[in-house]
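One structure is given here, and the rest of the page talks about it.
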Amino acid sequence: MKKIHLALIIILCGIVLFAGIVLIQNPGAEKKNATADRPVLKVALYPYLEDVNGDDHATTIRLIKERYHQLYPDDELEIYISDEYSTYFSDSRNFSPVFGPGGPDIVEVEQTEFDNLRDGGYIRPFVPVSPVAARMLNETREDVVSPYKDLGTVDGSVYFVPTWLCAHYTFTRNPPGTAPESGDFSGNGTLPDLYLSAYASTYGADPALLDGAVRDAVDGAPDPEVTDLLASRLLACTGTDGRNPCLDGDYAAKDGGFSEFVAGKTDRYVGFSEMLYGILKESPESYGTNLTISGTVYGKGTYPSLAWADGFVMNNNTGTEKMDEAIRFIDFYNSPETKEIIALSLDNGNDTVRVPRYLLPASEDFYSLPNVSSDRYYQQFSPVIHTMVPFPTGGLRGNMDAIYCSVTAALQENGMDVDYPARCTLSQKTAVPA
């Protein structure tokens, strides 16, 4: 019996000795195996982030991952910044290419797509597993700029967490001249939104009112006062020859009228806040100190205009095992420190003169940062976005072509130089009900 015990002891010692030799030869094996067992959170960020380093966002992604792993070294993360995972400017209700099995776990999308994503079963709510994650999610949402806090929350369930805010701004050269305005309002991904914003600034943003406005426009009967006001505002693009390149597709075929403004051919330019990056990058001497920025109102202006919001949603194919990590990443991503890196282009390692991206974070605390509150352009951007209200989370996407056709027809009746597509008659007949 003693011999058997002695033999067992010798065998066990041999196993332990062999395992020790393996670990000495490969000290990272234990850690690698543990890491391999952890789920990898796949994150698709806003696909139109300015590539300030010209390296296909490699530097930006590396910096975000490094900062995140300093806080959460045990989490595994993949980040994509690619239009392969974009749902923007689409009139489709099929989001399977982005939200299918194996796709990103959390994706930044625009809030006007939210109802379609939820109704189509593409996304699931954020349901924290741990108390720490629950606290993080609540604090992240509480820090969202006030008018946008409750976006994507349905019956107490959080499906959408705002990350960025977007609005149309008018950039005016000082002193202003008499040249026309530039911008691109011609596409079916833009004009329907401008019509609804004009409607809201004329009658208010009550959800029932906006639902009715969408239905009427889909049915080919947009509000005549709103289309008159919209035509009057868009007339600023009309030149002395009667052409309106903002509406007839000319600027759309180029770069939205951006180059004309930078070159001094137009005195005003309408676009998102981040377009200032290109303006200052292209011509810092001309535009460093002589730009005035204001919110663009398309209707009467009696009520606030509408703003877009981007935010994270979770793929319905993603399991609960990634839930808390997703919430940790969103909390990190929405923090003032991370937003400062991205919005102010602190990830830019190439240029001697750094130009901010001038994105508008949805985090209220961002606007109190010293580098932000002292920036002369953020001082002009911030009050506008804080006094706007969000676009509705449904109604537009899936109906944009029909709305575009009816609004374009109304603008033509106002004498506007608009390219009315031949497809419009068919589109209006086959519109999806709002």
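The residues of the chain are indexed from 1 along the displayed sequence.
Screening residues 229-273 for disulfide bond (SG atoms under 2.5 Å apart) gives Cys237-Cys246 as the qualifying pairs, with residues at least two apart or on separate chains. Every pair tested for disulfide bond (SG atoms under 2.5 Å apart) that includes a residue from residues 83-172 fails, sequence neighbours excluded, so the list is empty.
Just one residue in the list Phe272, Phe114, Trp164, Phe89 forms a ring-ring contact (aromatic ring centres under 6.0 Å, His included) with Trp308, and that residue is Phe272. Here the options are Leu229, Val226, Leu234, the test is side-chain contact (heavy atoms from CB on, under 4.5 Å), and the partner is Tyr298; only Leu234 passes. With respect to Leu77, the side-chain contact (heavy atoms from CB on, under 4.5 Å) criterion is satisfied by exactly one of Ile64, Val40, Leu41: Leu41.
Salt bridge absent: Arg135 and Asp331 never bring a charged side-chain N and a carboxylate O closer than 4.0 Å. A salt bridge is absent between Lys265 and Glu260: the closest approach of a Lys/Arg side-chain nitrogen to an acidic carboxylate oxygen does not fall below 4.0 angstrom. For Asp105 and Lys42, the salt-bridge test fails: no basic side-chain N is under 4.0 Å from an acidic carboxylate O. Under a 4.0 Å N-O distance rule, the pair Lys149/Glu364 does not qualify as a salt bridge. A salt bridge links Glu110 with Arg397: the closest approach of a Lys/Arg side-chain nitrogen to an acidic carboxylate oxygen falls below 4.0 angstrom. Taking 4.0 Å as the cut-off between side-chain N and carboxylate O, Arg67 and Glu337 do not count as a salt-bridged pair.
Taken from CD1 in Ile342 to CG in Leu45, the straight-line distance is 7.0 Å, to the nearest 0.5 Å. Remark: Tyr199 OH to Leu210 CG distance equals 7.5 Å, nearest 0.5 Å. In this structure, Asn315 CG and Arg124 CZ are separated by 9.5 Å, a value rounded to the nearest 0.5 Å. Here NZ of Lys300 is found 13.5 Å from OG of Ser305. Values are rounded to the nearest 0.5 Å.
Here the two rings, on Tyr358 and Tyr378, have centers that are under 6.0 Å apart. With ring centers used as reference points, Tyr72 lies 6.0 Å or more from Phe332. Between Phe381 and Tyr377, the gap from one ring centroid to the other reaches at least 6.0 Å. The ring of Phe171 has its center no closer than 6.0 angstrom to the ring center of Phe261.
Between Ile293 and Leu276, some side-chain heavy-atom pair lies under the 4.5 Å cut-off.
Asp324 contributes a side-chain N or O that, together with a main-chain N or O of Ser130, makes up a donor-acceptor pair within less than 3.5 Å. Listed for the Asp51 side chain is a donor-acceptor partner under 3.5 Å among the backbone atoms of Asp56. The backbone N or O of Gly120 lies less than 3.5 Å from no partner atom in the side chain of Arg93, so there is not a single donor-acceptor pair. At least one donor-acceptor pair closer than 3.5 Å links the side chain of Asp91 to the backbone N or O of Asn399. Distance alone, capped at 3.5 Å, is enough to place a donor-acceptor pair between the Arg38 side chain and the Asp74 backbone. No side-chain donor-acceptor contact under 3.5 Å links Thr87 to the backbone of Val109. Listed for the Ser197 side chain is no donor-acceptor partner under 3.5 Å among the backbone atoms of Asp193. A distance-only check finds no donor-acceptor pair linking the side chain of Asp83 to the backbone of Pro47 [under 3.5 Å]. Checked by atom type and distance alone, the side chain of Asn188 never pairs as donor or acceptor with a backbone atom of Tyr404 at under 3.5 Å. Of the possible polar contacts, one joining the Asn414 side chain to the Ala410 backbone as a donor-acceptor pair under 3.5 Å is found.
For Glu325 against Tyr68, the heavy-atom pair with the smallest separation is CG-OH, 3.5 Å. When all heavy atoms of Ser373 and Ser368 are compared, the pair lying nearest together is OG-O, 4.1 Å.
Heavy atoms from other residues, nucleotides or ligands lying under 6.0 Å from OH of Tyr303 number 12 at most.
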